[in-house]
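In what follows, a structure is listed as structure tokens, so that the remarks can point back to it.
Nothing here was measured: the structure is a model prediction, and the numbers come from that model. All chains are named by letter (A, B, ...) in the order of the sequence lines, taking the proteins before the strands, and each is independently numbered beginning at 1.
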Amino acid sequence: MNLHANETNGAILVTVEEARIDAACAIQFKDQMREVTEGETNRVIVDMTKVNFLDSSGLGAVVAAKKQLGTGRSMELAGLSDTVRKVFRLTRMDSIFPIHDDVQSALDQAHAE
Amino acid sequence: MNLHANETNGAILVTVEEARIDAACAIQFKDQMREVTEGETNRVIVDMTKVNFLDSSGLGAVVAAKKQLGTGRSMELAGLSDTVRKVFRLTRMDSIFPIHDDVQSALDQAHAE
Amino acid sequence: MPNDTLEAVQMEDRVKVVINGSNMNLWFTSEPETVRNALCTVTKLGSDIKISEDISGLLELVLAEILNNIVEHAYQEQPDGPIELAITVSESKVHCILRDSGVPMPGGAPPERKEHDLEAPLEELPEGGFGWGIVRDLVQDLQYNRVAHENVLSFELSP
Amino acid sequence: MPNDTLEAVQMEDRVKVVINGSNMNLWFTSEPETVRNALCTVTKLGSDIKISEDISGLLELVLAEILNNIVEHAYQEQPDGPIELAITVSESKVHCILRDSGVPMPGGAPPERKEHDLEAPLEELPEGGFGWGIVRDLVQDLQYNRVAHENVLSFELSP
Ligand SMILES: Nc1ncnc2c1ncn2[C@@H]1O[C@H](COP(=O)(O)OP(=O)(O)O)[C@@H](O)[C@H]1O
Ligand SMILES: Nc1ncnc2c1ncn2[C@@H]1O[C@H](COP(=O)(O)OP(=O)(O)O)[C@@H](O)[C@H]1O
């Protein structure tokens, strides 16, 4: 699992450098999300452009990452493929995460919530 | 396993009243052949007209039945279906048993060997 | 029209694959990395048995959900449980059969879709329990049988 | 052209059968009576997946020989061993895959044809050892693999 983070426009932008968030790497995703989001920034934007597969284990890890952040910080998603977006829709988790078409449109919004 | 025997023209004619001589009934075939061929008659003719399936376990039971009869008595087969005959041909066991098209042509021959 | 001379038997990352006509059969074990290899093999070789592009992603998702449950619940995380997957394509519908030798499905059938309370406070948001809901939402003709110490599950997926 | 809406899942004398398009899958156990039921099911329902009349008898013979060996050698006469049989028809060729969880094939491959001395005295005539010879004479493309504690055997039969 390869996550890569940098601060920009007052947000932490996390880029997922993996094609899959699935059962085989769900725990690493959650652990690395904790590491790369350490800090005070309010907004966390996760760029999933490179992710072409996410199953419900991966979804669980995304939810777990949001829970780690606590209520004070927002977690937003960007660049979801059709199938990945479908998993969020089927489980109604698209009501929990602000979802942006891509990173640019996420950054263009001052606040997503 | 249902075998049925009667003496005719100095031969024991054994009719196999089963559609299959296979692994599930090979031992019964051998045992019942011993029972129904008890006696002194030289010729044993086995009518297999009703048998539409015989595998190598069944073939083994037919060979075992011949061995039980001993060298003094002949065992002949009649009424083999195409697939049954194929098993005898593939294993070259058609060189061990006189094979007749049907019971009538077996009886028409005084001796098959 | 399936090409009947095309038959591939190959080992891909500990996954045995046999392709024949509009059929793909795979054998592998319940180790998460190996299950992932099996899924990637289906997606990679799917076009060989005419699985259409538009169904391929959903098929991988459904198979992943079922396989994760086999790994987790049927084999209870033991990594060497044998799993078999048979895929047949017939007039653009995809028919799958999965078989494992793990513990039976509780209640003799795959669980129903669970409804989660997403209005709940953050700490109570569900991190699991979505698997069979996703499967039931996407497939048709889901059938489960216990046959001789084995679980046999089948379903169909239409474009 | 296979009819994709035809799917039958049924239990026939302790044999689970799934028919889909040009595919038939069967699950059953290593008990001789049950194996016979499975063979009869293939022969009875074969025409549903377009197994031609002229190949049907030979298919039953080949399957019987392989299954007898699974019962006798792989499962060593234990009656509750799971067996799976998958049959696909593609342009009149029949492709079969058999799977069991018994002991591996000695030497890692099905035995070669044994040549028997039929000139031997009566008491020495062979009563067995014909099985794999018959199979090898009749089939093409015989392949065997040991995959995760399981035996996987495949072959093709042409008219
Ligand atoms: N293949 C299986 N074998 C045995 N039990 C299973 C299997 N699949 C699911 N279960 C049962 O279903 C429940 C999980 O269902 P599911 O909706 O997939 O949740 P999750 O996504 O958390 O695994 C488990 O608690 C288990 O009891
Ligand atoms: N499925 C199998 N699993 C394990 N061993 C097998 C299997 N099939 C065959 N064998 C081996 O092959 C030999 C039998 O071969 P075969 O030609 O079929 O004779 P028979 O007809 O007497 O069974 C056995 O002695 C056994 O060692």
Side-chain angles (χ1 to χ4, degrees), chain B residues 1 18-31 33-34 37 42 44 48 50-77 80-99 113, chain D residues 13 28-40 42-44 53-73 75 77 79 111 113-139 157:
Chain B
M1 177 52 60
E18 294 284 340
R20 305 174 73 86
I21 311 179
D22 62 11
C25 70
I27 291 168
Q28 291 104 294
F29 178 84
K30 180 179 158 183
D31 291 347
M33 275 297 287
R34 191 197 329 258
T37 57
N42 271 347
V44 173
M48 313 241 283
K50 288 177 184 147
V51 178
N52 54 42
F53 185 80
L54 174 131
D55 62 11
S56 73
S57 307
L59 177 71
V62 172
V63 175
K66 179 178 168 66
K67 286 159 91 169
Q68 283 171 2
L69 286 173
T71 42
R73 303 169 76 189
S74 85
M75 179 163 156
E76 306 168 31
L77 309 175
L80 276 56
S81 78
D82 285 352
T83 320
V84 172
R85 191 180 275 265
K86 184 137 198 168
V87 175
F88 280 84
R89 195 160 49 230
L90 286 172
T91 57
R92 297 188 297 120
M93 278 295 167
D94 52 357
S95 68
I96 302 293
F97 296 93
I99 293 176
E113 309 208 298
Chain D
D13 299 319
F28 47 97
T29 52
S30 55
E31 201 262 324
E33 284 287 343
T34 311
V35 167
R36 180 196 270 188
N37 293 342
L39 287 169
C40 291
V42 171
T43 300
K44 194 175 79 181
E53 275 290 337
D54 53 320
I55 215 174
S56 168
L58 292 183
L59 178 63
E60 185 170 354
L61 175 59
V62 167
L63 289 174
E65 297 305 335
I66 296 174
L67 289 169
N68 290 348
N69 278 313
I70 290 175
V71 168
E72 223 178 294
H73 303 298
Y75 284 126
E77 313 282 354
R113 196 184 204 298
K114 274 203 264 308
E115 291 306 331
H116 295 103
D117 179 13
L118 302 186
E119 311 285 294
L122 183 66
E123 322 79 68
E124 289 170 25
L125 281 183
E127 293 176 33
F130 302 113
W132 282 108
I134 292 175
V135 174
R136 287 192 175 274
D137 276 357
L138 296 174
V139 310
L157 195 62

Please list all pairs passing the ring-ring contact (aromatic ring centres under 6.0 Å, His included) test where one or both residues lie in residues 119-139 of chain D, with sequence neighbours left out. D/His116-D/Phe130
Going by an N to O cut-off under 4.0 Å, is there a salt bridge joining B/Asp94 and B/Arg85? no
Taking ring pair (Phe, Tyr, Trp, His ring centres under 6.0 Å) as the definition, give me every residue that meets it alongside B/Phe53, ordered by chain and number, with sequence neighbours left out. none
Going by side-chain contact (heavy atoms from CB on, under 4.5 Å), B/Met1 matches just one of B/Lys30, B/Gln28, B/Met33. Which one? B/Gln28
Chain B contact via D/Leu67 - side chain, backbone, both or neither, heavy atoms under 4.5 Å: neither
Tell me, for B/Leu54 versus chain D, whether the close heavy atoms (under 4.5 Å) come from the side chain, the backbone, both or neither. backbone
Regarding B/Ser57 and D/Asn68, is there a side-chain donor-to-acceptor distance under 3.5 Å anywhere? yes
Looking at D/Leu118, D/Val62, D/Asp137, which has the largest count of heavy-atom pairs under 4.5 Å with chain B? D/Leu118
Residue part contacting chain D, namely of B/Ser95, when any heavy atom lies under 4.5 Å: side chain
Whatever's closer than 4.5 Å to a heavy atom in chain B on D/Pro121 counts as neither
Does any heavy atom of chain B fall under 4.5 Å from the side chain of D/Glu60, the backbone, both, or neither of them? both
